[in-house]
Structures are given as structure tokens and as C-alpha cells.
There are 2 protein chains.
Amino acid sequence: MADVARLAGVAISTVSRALANPGRVNEKTRLKIDAAAKQLGYTPNAMARNLRVGKSNIIMIILPGSLYYGVSQIIPQVLQSINNALIQNGYHLMIANLDRDEMSERHILDLAFSGTVRGAIILSSKLPEVDGRSLANAGLSIVSMLLDMSEAGLPSVVTNDREAVREVTAELIRLGHRRFLYIAGPEGNYHDVERYAGTLEALRAAGLTEEAVTRSGGYLGYQEGFEIGVEAASDFARLPDKPTAVIATSDDMAVSFISRVQRMGFNIPGDLSVVSFDGSPVCEFSSPPLSTIEQPAEEMGQAAVGLLMERIDMTDKGMATRHVIPSRLIRRESFALVPSNSA
Amino acid sequence: MADVARLAGVAISTVSRALANPGRVNEKTRLKIDAAAKQLGYTPNAMARNLRVGKSNIIMIILPGSLYYGVSQIIPQVLQSINNALIQNGYHLMIANLDRDEMSERHILDLAFSGTVRGAIILSSKLPEVDGRSLANAGLSIVSMLLDMSEAGLPSVVTNDREAVREVTAELIRLGHRRFLYIAGPEGNYHDVERYAGTLEALRAAGLTEEAVTRSGGYLGYQEGFEIGVEAASDFARLPDKPTAVIATSDDMAVSFISRVQRMGFNIPGDLSVVSFDGSPVCEFSSPPLSTIEQPAEEMGQAAVGLLMERIDMTDKGMATRHVIPSRLIRRESFALVPSNSA
DNA sequence: TTGTAAGCGTTATCAT
DNA sequence: ATGATAACGCTTACAA
């Protein structure tokens, strides 16, 4: 910057102003400075700037360690939409992985307390906390995405899973289905709670009870949704009264489940209807094409960044809002009338 | 840091030393300082540190804009392995997207010239260059991954695609196949060149000519590999002499291709053997399970980071090395003897 | 409108 | 082994 100033024949501070607040400097001077900067191929040093203003322009996205649990299929879209939205606002995106170990928690806390990042978008239900340092008290702006953490004080971007699955279940009931298999991801988290609740609501509304549904999955030991689907297929094989409809809480689970039960000789959707969550592109090309409740990654990413930007400018951080994005069912062939021979 | 110094009763510079070079300070003093730091919940400011030492500890990964072109399925694994390897070395990972527009190039150049990042791992064949600023001259350490750019001076981590596809093609020939369909990604890039060359080499070694293979795909207009597979299925439908074996250059392409030709009534592998590239987890659960030439994301990520670390410490950047990671065929049912009724 | 100068939180040099 | 101090490159009062 000193070089640019010298070349343009002005003071350093004028260069700084010309580059950051072009309005607050004389037109002629500005042009001289721009020319000098371009000639020298000058780009302001971001670390110096951030140090001086006391804020970083980096946001971190905290991904749950087992990427392949649940929404793995849409992670690339999520990253892309968040990154684009951040760039629009002058921010950059850093990746942080939160595993079930203290090291990864510590790493994230360092990122926060060292001032490396200014804010975070978190896709996990756990806020890192080690040795008295907690992400909640790091002075960051944080927004949750996918999971509702508004009760923990974080603005959250979620989809209306409960409602969506309730409607889908109702439709399955309308198609004659009376016995369901529900394949759960990590038990007890927001997605599981909401989606299972939606399923039960639809059952009750139709005069059925929780006995109509068998739960599978819910273990925390698995790395990938695929494994859960495989396990669910074994569960299915053991059931004396076969369910005729399956609700899988991720596309991965549905894909591997279908693969296994087809191998056992069951026909989809002839013997068994299947619907899952996420809206992965691959569902369209599964055989049969898979019905899936879309998680609108693009919109969610944008919304999350929007909320984050609000939080960042906010002086008084009030209540945590909950931003619900409607998800829709993409209906494909995996979904049909109950088989006529079904009891 | 001043607070810690005061509490520990030492000078600021001693605190700095104690935290950064614990060896160069008296045992007792160090303990006092550590205690004070912990008591105050102190974490050193990264931006100040980086400014002072003149280096950032952030590495960016440059992803090609159309994420779903080619290797999209393994991007999450790639990110995870790179991030883990970087953390081991005290670095963080930032995401950058390189689209086919000037804005994204400019953005990446800013990241580089502003000193925000110290190095880059690039998964694209194009180095950003706008207005005289070029990524090649930004003073960064850069490593290429997936594509061989060693001739452009970048250490590169690649798989032995040519050899792998040559062997697979030879095996298909052994199984009796004589007519091939090759589904290309972006035409002319390293993957396309190598993989097609490997196919031809195997054909020639068996006394066949290039006429044995029909090329499909190769357009740059598509966003997703899936679309290319769909298009290839149309091409396939139009061919008078149907190929009996298909080599798809990504799993996405194979999945959508299979879905479409199955719908046309073709049986895999009865009528048609299929093999593809990438080793996406989903291939195992396709129907039929898909043979795929694995791209070992984990190893490649680690190797890329390894090369990058070498480059960073290197005073004299000599030749760009090429690091080849062997990929292997995961053989599954999509792959069989040529149909007996084939001409 | 522009210039002067202080200071952001570190590290590194040089004394002590 | 420790302490005082300058400097990294920028922004921002405040003064001119």
C-alpha cells in the first residue's frame, strides 16, 4: 500500500480510503490511485485488515463427522450454495469437521477463539465445549441448518419434515397401506423426532396406532446411511407380518434397503412402497425411481447465510428465529397401491 | 496476551515464547504461564500471528464449478481426508469454487493475492488468470489433484487411469466383447485423454481398431454426469450395431445410463456389461451392483497434502513431481461374458 | 479532501 | 532465560 501511495503521490491513508470507501475521496485522486494499484498488481492484505478492524471475514461450516450419515448426498450442493451466498456478502467459507472426539472439538474452538472465523453454520446438534471454552461463548454468530436448535438459542433453518412426512404417510394410508417400516438415522435427534412424530400423527389421524409401524435403525455406530439400510433389510426379512410401506429417513438408507430386499425377491413397488428423505439426484435413476422428500439445499444454504448476516450486524441478539423451508415430495414409481394380496 | 503476562508476572514476549516454543523457556515460568492462560481462557489471535510472520495457515481447495461433473460423488470424502491431513499439519481448509466465469476467477485470485491463503489444492485444469494477475505467480504453493498438471509445473496426484482402463478393457475383450461404448466427460481433459487412450491401447493389443468403440458425451454444456448418461442412452438406442460393453467415465453417468437402457428393455449384464469410474459407495447398491474403478479419495487427499507440505517448506521449488496412486477395479455383477447371440 | 499518527495482537531482534 | 521494543500492513480518529 505504501508503494501504491508513493506511485500515486498521495498518503497511505488516502489509498486505504480510495480502495475501501471510494465515495469518500476525490474522483481524480481515486483514478490515480486505482491506476497505480492496477499497475503494481496490488491487492490489500486481508490479515492486516482483519486484524485492524478486529473481525475476520471467514465463516466456518461445521459438518458432522460421519459425513455419510444422513444428508451426505446433498453436502456438495449445500457447500456450493453457502459458499456462493457468502461470497456475495464478502465472506469466505472454511470447513470444520466435528467428530465424536475431543480433538475435533478443540480444533473448532481454536478456530473460534483465535479469531480466525467470524461466524459459523452448524449442521450438527452438538456445540463443541472443552475445558471451559464453549462455542456458544466464543462471541461468534452461529446459525444452525437442518437441525432445529432455536431452543438452544441458535437461529435455525429447517424444513417442515413433520408435516411432509405426515402427508406422505396419509397418502400411503389412502393407498391402502396399514403396516409400515420406519428406518431411523441417529436416534433422538431433531430429524428423527420430527419425522417419526409426523408418521405417528398420520397413523392416529387414520385411527391406527403406533403398532402399525416397526422401527429399524437408530444406532449411532454406523458411518454410512447405506449400512443402516442393509441392516433394515435384515430386520424386514425377519418380520412375520411384512410391512407394505417403508419410510427411510435418508436416500442412502432407501437405496441400500431396496437393493437388499429386491435381492430377496421382493418387488418395489409391487410388494412394498418406499419413500425417503433428501432428494438426492441419484434417486431419479434408481430402479425403480425413488420417491423422496426433497431437502432444498440451495434455498436452505441461502437462508442460513441470510440469517447469519442478520446476526452479524445485529447489535442486540434477541430471540433465535426458526426459518422453515417447505420441502416437497418428489413422487416417483417406488410408491404405489398396497398389494392386493396383503392382509 | 498482555493479560496473561500480567497474571503470570512476566513480559509479553515471554508469554509468546512459552506458547509457541515451549522449549525455549524455563520450566517453572512455562507452567506459570500455562496456568494463567488456561485461567483466562486465552487463545492466541491467529490473524495477528499470521500478519506478523507473513504467512497464512489456510489452504484453499479449488473445486470445479460444476460439482456434479465427474467425481462429484467422492467430493465429500476428498474434503474430509484433505481437511484431516491439513489439521495434522496445523493448517485449515477453505473452499473456493472455480466456475466458468471471470468473477469466480477474480475471487480466487483475491484469496491468493490478499495473503488469505498460503497454498492451494486444485481439482480443475484451469489456473485462474485475470488482468495480469495469475494464480501461478501468486507466490502460493499449489498442488493438483485428480488431473495431471505436472507439465504446467504443478506437483500432481493422480491415479493410473490409463493402465486401469486398459486392463479392464482387456478383460472385457477376453469375455468376448468386441463393440464398446465409451461415455466421456469433458472432452480433452486429462481424465478423458488417459482413459480413452487406455481403452484404445487394449483394443490394439487385441488386434482391434478404434472402430470397435463409439464415443458418447464429451459436451461441456452439462451440469451433471447424470445428464451425460441419459444422453448416452439415447445414443445407444440409435446405434444399429449395439455395443455389448460400456465404459463410463464416472459412476453418475453409468447409473443414469443403466437406468435408461434398462427401461428400454436391455438387461445388464445379460445384454450389456458396464464399468465406470470413481468407486462411489452407491455403486454397491445399484441394480445390478456396478463395477467401478475406484478413485482412492482418502489416499489421494493425503498424498496431495503431503506434496503440498513439501512444497511449502521447499526453498528451491524444483521440478513438479507426479504422484501416481494405483486405482483398482471393484468388480461386481454389471460385468459379464458377451451375450451369446451377439454377432 | 487529504495527511499524520496511533494501534490492532502477535513475533523476532537485540539487550540485559 | 527473560524483557523491551520495533515491525507486520492496514484502518481510523483527528488535524490540517
Side-chain angles (χ1 to χ4, degrees), chain A residues 1-37 40-58 90 92 110-118 138-140, chain B residues 1-37 40-58 90-92 110-118 138-139:
Chain A
M1 192 173 261
D3 296 344
V4 176
R6 206 173 308 119
L7 181 57
V10 296
I12 295 184
S13 57
T14 308
V15 175
S16 172
R17 259 184 306 246
L19 267 34
N21 300 47
R24 299 177 38 114
V25 73
N26 185 299
E27 172 78 15
K28 267 179 72 178
T29 321
R30 215 200 60 219
L31 289 173
K32 256 193 322 201
I33 292 174
D34 285 350
L40 294 175
Y42 168 75
T43 308
N45 182 292
M47 294 179 308
R49 169 174 216 292
N50 291 340
L51 173 60
R52 174 60 233 237
V53 302
K55 322 175 152 162
S56 151
N57 62 345
I58 300 176
H92 305 304
D110 283 344
L111 245 18
F113 283 91
S114 67
T116 302
V117 304
R118 172 87 172 280
L140 299 191
Chain B
M1 191 173 259
D3 296 344
V4 176
R6 205 172 310 120
L7 182 57
V10 297
I12 295 185
S13 56
T14 307
V15 176
S16 172
R17 257 186 309 249
L19 266 34
N21 301 50
R24 298 176 40 113
V25 73
N26 186 302
E27 172 79 13
K28 267 179 73 179
T29 322
R30 215 200 61 220
L31 289 174
K32 254 194 322 201
I33 292 174
D34 285 350
L40 295 176
Y42 168 77
T43 309
N45 182 292
M47 294 180 307
R49 169 173 217 291
N50 290 340
L51 173 61
R52 175 61 232 234
V53 303
K55 321 173 152 164
S56 151
N57 62 344
I58 301 176
Y91 288 88
H92 304 305
D110 284 344
L111 245 18
F113 283 92
S114 67
T116 303
V117 304
R118 173 84 172 281

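Here is how names work: the chains are called A, B, and so on, in the same order as the sequence lines, proteins then strands, and each is numbered from 1. Heavy atoms only: backbone and side chains are in, while hydrogens, waters and symmetry mates are out.
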Check nucleotides 3-5 of chain C for protein N or O atoms closer than 3.5 Å to its own N or O atoms and list the pairs.
residue : atom : partner  : partner atom : Å
dG3(C)  : OP2  : Ala11(A) : N            : 2.8
dG3(C)  : OP2  : Thr14(A) : OG1          : 2.6
dG3(C)  : N7   : Ser13(A) : OG           : 3.4
dG3(C)  : N7   : Arg17(A) : NH2          : 3.0
dG3(C)  : O6   : Arg17(A) : NH1          : 3.2
dT4(C)  : O4   : Ser13(A) : OG           : 3.2

May I have the distance from [X] (atom [atom1]) to [N] (atom [atom2]), rounded to whole angstrom?
{"X": "Leu51(B)", "N": "dC8(C)", "atom1": "CG", "atom2": "C1'", "value": "9 Å"}
{"X": "Met1(B)", "N": "dG7(C)", "atom1": "CE", "atom2": "C1'", "value": "17 Å"}
{"X": "Phe113(A)", "N": "dT10(C)", "atom1": "CZ", "atom2": "P", "value": "14 Å"}
{"X": "Leu19(A)", "N": "dT12(D)", "atom1": "CG", "atom2": "C1'", "value": "15 Å"}
{"X": "Lys28(B)", "N": "dA1(D)", "atom1": "NZ", "atom2": "P", "value": "14 Å"}
{"X": "Asn21(A)", "N": "dA13(D)", "atom1": "CG", "atom2": "P", "value": "11 Å"}
{"X": "Arg24(B)", "N": "dC14(C)", "atom1": "CZ", "atom2": "C1'", "value": "12 Å"}
{"X": "Asn57(A)", "N": "dC10(D)", "atom1": "CG", "atom2": "P", "value": "14 Å"}

Do [X] side-chain atoms and [Y] backbone N/O form a donor-acceptor pair below 3.5 Å?
{"X": "Asn21(A)", "Y": "Arg17(A)", "answer": "no"}
{"X": "Thr14(A)", "Y": "Val10(A)", "answer": "no"}
{"X": "Ser56(B)", "Y": "Thr116(B)", "answer": "yes"}

Query raised in the report: Is any side-chain N or O of Tyr42(A) closer than 4.0 Å to OP1 or OP2 of dG9(D)?
Result: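 False: Tyr42(A) side-chain N/O out of range (4.0 Å or more) of dG9(D) OP1/OP2.
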**Report entry** Thr29(B) side chain near dA1(D) phosphate (N/O to OP1/OP2, under 4.0 Å)
**Finding:**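 Thr29(B) to dA1(D) OP1/OP2: no side-chain N or O under 4.0 Å.
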**Report entry** Minimum heavy-atom distance between Ile12(B) and Met1(B), given as atom pair plus value
**Finding:**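 Between these two residues, the closest heavy atoms are CG2-SD, 3.8 Å.
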**Report entry** Closest contact, heavy atoms only, Asp110(B) versus Thr43(A)
**Finding:**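 Taking Asp110(B) first and Thr43(A) second, the nearest heavy atoms are OD1-CG2, 4.2 Å.
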Query - DNA chain D: 5'-proximal contact among Asn45(A) and Asn26(B) (nearest heavy atom) - result: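 Upstream on the strand: Asn26(B).
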Query raised in the report: Is a donor-acceptor pair below 3.5 Å formed from side chain Arg52(B) to base dT10(C), judging by atom type as modelled?
Result: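 No.
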Query raised in the report: Under a 4.5 Å cut-off applied to non-hydrogen side-chain atoms, are Asn57(B) and His92(B) in contact?
Result: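 Of all side-chain heavy-atom pairs linking His92(B) with Asn57(B), at least one is under 4.5 Å.
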Report task. Determine whether Arg49(B) and Arg52(B) make a side-chain contact, defined as any pair of heavy atoms from C-beta on separated by less than 4.5 Å. Result ->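 SC-SC contact between Arg49(B) and Arg52(B) ruled out.
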